[in-house]
> 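So that we are looking at the same thing, I have put the structure below in structure tokens.
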Amino acid sequence: MMEHSGGDDSDENWNTDDELEIDNFQSSPVHSMSETSVGPADATSPNLIQKGISDETFASFIEMGFSSEMIARAIEETGGENSEPMLILETLFKYSTSTEPSSSKSKIINDLTGMGFPEENVIKVLQEYGDENIDEITNVLLTYEEVEKMSKSKDESININDDDNIYSLSSDEEEDKLNYSHETGILQDLIKMQYSREEAAKAIERCGEDASVEEVVDFICAAQMARQFDEFFAEHDKKELITNSKKRRVYNEPPRRERKPNTAMANDELIRLPKPMTGFGVPNEPGLMTQRTVPIPDVGRGPPYFYYENVAMAPKGVWAKISSHLYDIMPEFVDSIYFCAAARKRGYVHNLPIHNRFQIQPPPHCTIQEAFPLTKRWWPSWDRRRKLNCLVTCIASAQLTNRLREKLENHDGEPPLSVQKEILESCRKWNLVWVGKNKLAPLEADEMEKLLGFPRDHTRGGGISRTDRYKSLGNSFQVDTVAYHLSALKPLFPKGINVLSLFTGIGGGEVALHRLQIRMNVVVSVEISEVNRNILSSFWEQTNQTGILREFSDVTKLDNHTIERLMDEYGGFDLVIGGSPCNNLAGGNRISRVGLEGDHSSLFFEYCRILETVRGKSARMRR
DNA sequence: CACAAGATGAATTCAGCG
DNA sequence: CGCTGAATTCATCTTGTG
């Protein structure tokens, strides 16, 4: 996201220490690190039970969701100190798929549903946390209830969908709803539990129509485990390859065969984009993961958490470099086409937990026609687009759409194929929609706000020009996508979080946290563009935030000392979020697409510097 | 001076095909 | 395996206009 344009920097009259607009919000309770730095649930001390296996292997078992007790048991059972990691893993998988724990599971399910928790939640939590720590399970269930309650209550302060008909169903939707009602209760339950329809239907088919929810979930769970098992082995093989060939790192690439011509060198150090681009999983699609296949190295684990974003289609080698500067964490590539009606292919490097993700409500419409119902009337059948391409910083001119209209008016009814092709090419290139007979138009700024998940008129006013508005929006996060990723933080920070927001832009991260109803105790924001800073501060006021907002302008002038001072003042940061400038990486740039070292994009290294400062200081504060 | 329009391709990926 | 064609892409710069 996040505008850090160098060409039009107008930073002459800033204070020497670059701080702007000191918080006019009175200080709110500032928590201490010790209160809020809740570690992940799996942060058990390894030294007691991990005899016989390396730290790394132990960590990856933990990352896969096995409890330390289970691991200890598996080590015992497979020969104590001399047991083979692979053998241990097999035993662990046996535990999680065997019927024995599952039957003890059903007893717990009965107990907990007896306590009034919804069965689907109980099953999901058991699946993710195991069945050993009842206290933890009930805690998580309570959190779930709260989250669900909150996501059901509409947020009055943000009016995302202000179309009158937003809550009334279109005819297509009604049809969909009808289909839903024909589905069995189990299928509905599974879909509610965020399994994809395909996956759920397949599992039901395999388990038989009479199977209980537990049985089907067990089946899906076993299938997931098997998939992870395969991936673990593939990863293990790869690791051996790496040690053998001296640190050759290739992600997402099929196993390389031994004897191969030396053209392979060109592919070295590459991170390939996944297809489909769904990262660790998106709602309503297959491929949902609850654990990372490539664990986060110890050095990169949170808290503090961080979330870094940039364009997925960067020049070769860029993502490998980004990853290598961010603790070798593998990027999560996600296309926002799975969250809204517009494409947005982005890579996210983060150390957030990935289980328990949920969507913010209401979810946006996923097709152009649903998002903009008025276009339906004019949409010709030969324009088969249902999704828009990436929203960028420039829009088509009025002259262009006029020329297109004239071309269309030359024909009665359907234009010849050659004309159709030409029109469609322009439509795709400029993201045009049908707004009248033979009439095409680019999206209005408020329509872009809607697609990107911002409240209406978020970027309006404050003296921002039309072009600047498009520019800021084109550089922004897709809020629903980012919120889905950040949702994992909600149970971890019930008292709110302290955020360091770099390259804040129009505040996509802040809007996401707000829509997740995660309280922002402190936001320290760094953003070079004055109009964008104004947009954030007016959002802060309009949504009646009770936390503190401090805005800085130039990331290069935010020195380490200042960061540490801020951390002392506020008790540290829980989340460092931001996407560094993409100008020199983006495909649309014909002048200076020169890679990470470009004038703008090299600010990525400032992100790294600041993140490292925050993490170092956090470690010292914990001691 | 602010703003809008127009001109300016290449890098990358992928499906299809021989 | 290599080739080809199609599709996509958080943009920059100059010029014209009021």
Side-chain angles (χ1 to χ4, degrees), chain A residues 1-8 10 252-253 257 260-261 263-264 266-267 270-277 308-319 333-337 342-348 384-385 387-403 421-422 424-431 442-443 445 448 451-452 454 459 463-479 481-482 503-506 508-509 529 531-532 578-596 598-601 603-604:
Chain A
M1 141 175 231
M2 314 223 169
E3 176 74 4
H4 196 123
S5 45
D8 48 348
S10 52
N252 283 359
E253 194 163 88
R257 280 194 294 276
K260 221 180 164 187
T263 54
N267 285 335
L270 276 194
I271 296 181
R272 297 183 52 131
L273 301 177
K275 192 186 153 71
M277 202 182 274
Y308 172 80
E309 175 260 13
N310 216 320
V311 289
M313 310 281 202
K316 271 185 178 165
V318 165
W319 274 107
F333 292 102
V334 181
D335 190 342
S336 293
I337 207 163
R344 209 164 187 77
K345 299 180 181 63
R346 297 293 181 266
Y348 306 88
R384 302 202 176 283
R385 287 177 305 149
K387 301 275 188 178
L388 291 162
N389 279 337
C390 185
L391 307 185
V392 293
T393 55
C394 299
I395 61 158
S397 65
Q399 322 285 334
L400 174 71
T401 56
N402 253 334
R403 287 197 293 271
K421 195 181 168 195
E422 195 186 342
L424 283 177
E425 202 180 329
S426 287
C427 285
R428 290 205 168 89
K429 182 174 176 185
W430 293 104
N431 259 341
L443 292 175
M448 285 178 62
L451 286 168
L452 292 170
F454 288 92
T459 58
I464 190 171
S465 73
R466 186 180 148 83
T467 12
D468 278 348
R469 213 174 151 192
Y470 281 116
K471 190 171 164 187
S472 290
L473 283 162
N475 282 316
S476 170
F477 283 164
Q478 205 287 324
V479 171
T481 312
V482 172
F503 314 106
T504 304
I506 57 175
S529 151
V531 285
N532 285 349
S580 64
C582 65
N583 310 31
N584 307 116
L585 311 178
N589 189 343
R590 305 170 183 198
I591 309 290
S592 53
R593 193 185 187 187
V594 293
L596 255 192
D599 287 346
H600 306 296
S601 293
L603 289 172
F604 162 69

> Under a 3.5 Å cut-off for both distances, is C/dT9 Watson-Crick or wobble paired, and to whom?
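For C/dT9, the partner nucleotide comes out as B/dA10, under the 3.5 Å rule.
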
> Closer than 4.0 Å, any side-chain N/O of A/N583 to the OP1 or OP2 of C/dT12?
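For A/N583, the contact criterion (side-chain N or O under 4.0 Å from OP1 or OP2 of C/dT12) is met.
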
> Rounded to the nearest Å, what distance is computed from the CD atom of residue A/Q399 to the P atom of nucleotide B/dA5?
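The distance from CD of A/Q399 to P of B/dA5 comes to 6 Å, rounded to the nearest Å.
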
> Taking atom P of C/dC10 as reference, at what distance in whole Å does atom CD1 of A/I395 sit?
18 Å

> On DNA chain C, does the nearest nucleotide to A/N584 precede the nearest nucleotide to A/E425 from the 5' side, or the other way round? Give the residue.
A/E425

> Between P on B/dT12 and CE on A/M277, what's the gap in Å once rounded to a whole number?
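Roughly 14 Å, once rounded to whole Å.
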
> Can a donor-acceptor pair be found, under 3.5 Å and without considering hydrogens, that links the side chain of A/W319 to the backbone of A/A312?
yes

> Taking only N and O in the side chain of A/R346, is any of them less than 4.0 Å away from OP1 or OP2 of C/dT9?
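So the side chain of A/R346 is outside the cut-off, no N or O lying under 4.0 Å from OP1 or OP2 of C/dT9.
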
> Is the shortest side-chain N/O distance from A/K345 to OP1 or OP2 of C/dT9 below 4.0 Å?
yes

> For C/dT9 and A/N389 - does any side-chain N or O of the residue sit under 4.0 Å from the phosphate oxygens OP1/OP2?
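For A/N389, the contact criterion (side-chain N or O under 4.0 Å from OP1 or OP2 of C/dT9) is met.
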
> Using the C1' atom as the point on both nucleotides, what is the distance between C/dT8 and B/dG9, in whole Å?
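After rounding to an integer number of Å, I get 13 Å for this pair.
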
> Between B/dA5 atom C1' and A/W430 atom CH2, what is the distance in whole Å?
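Spelled out: CH2 on A/W430 to C1' on B/dA5 is 9 Å.
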
> Does A/R590 make a side-chain donor-acceptor contact with the base of C/dC13, cut-off 3.5 Å?
no

> Rounded to whole angstroms, how far apart are CD1 on A/I591 and C1' on B/dG9?
9 Å

> Can you tell which of B/dG6, B/dA4, C/dC10 lies closest to the side chain of A/R403?
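Within the option list, the nearest is B/dG6.
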
> A/C394 or A/M313: which one's nearest nucleotide on DNA chain B is closer to the 5' end?
A/C394

> Among B/dC14, B/dC3, C/dA11, which nucleotide sits nearest the side chain of A/V392?
C/dA11

> Taking for each residue the nucleotide of DNA chain B bearing the nearest heavy atom, is the 5' side occupied by A/S397 or by A/P315?
A/S397

> Given B/dA4, is OP1 or OP2 found less than 4.0 Å from the side-chain N or O atoms of A/T467?
yes

> Applying a 4.0 Å non-hydrogen cut-off, can you work out what A/R428 is touching in the nucleic acid: base, sugar-phosphate, or nothing?
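Counting heavy atoms under 4.0 Å across all strands, the contact made by A/R428 is with sugar-phosphate only.
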
> So, A/Y308 and A/N310: side-chain donor and acceptor under 3.5 Å apart, yes or no?
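There is such a pair between these side chains.
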
> Please give, in whole Å, the distance from B/dT12 C1' to A/D335 CG?
15 Å

> To the nearest angstrom, how far is A/E309 atom CD from C/dC10 atom C1'?
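In whole Å, C/dC10 C1' and A/E309 CD are 8 Å from each other.
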
> Atom CE in A/M448, atom CG in A/N431: separation rounded to 0.5 Å?
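Reported to 0.5 Å precision, the distance equals 8.5 Å.
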
> Using the C1' atom in both, what is the distance from B/dT8 to C/dT9, to the nearest Å?
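15 Å, rounded to whole Å.
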
> Whether A/K429 contacts C/dA7 is assessed here as follows: a side-chain N or O lying under 4.0 Å from the phosphate OP1 or OP2. Is that the case?
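No, no such contact exists.
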
> Hey, would you say the A/F333 and A/Y348 ring centroids sit under 6.0 Å apart?
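When the ring centroids of A/F333 and A/Y348 are compared, they turn out to be at least 6.0 Å apart.
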
> Decide whether A/T481 and A/S336 meet the rule of one side-chain donor and one side-chain acceptor closer than 3.5 Å.
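Checked: A/T481/A/S336 side chains pair up, N/O donor to acceptor below 3.5 Å.
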
> What's the separation between atom NZ in A/K471 and atom CG in A/N532, rounded to the nearest 0.5 Å?
9.5 Å

> Expressed as a whole number of angstroms, how long is the span from A/W319:CH2 to C/dC10:C1'?
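In whole Å, C/dC10 C1' lies 12 Å from A/W319 CH2.
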
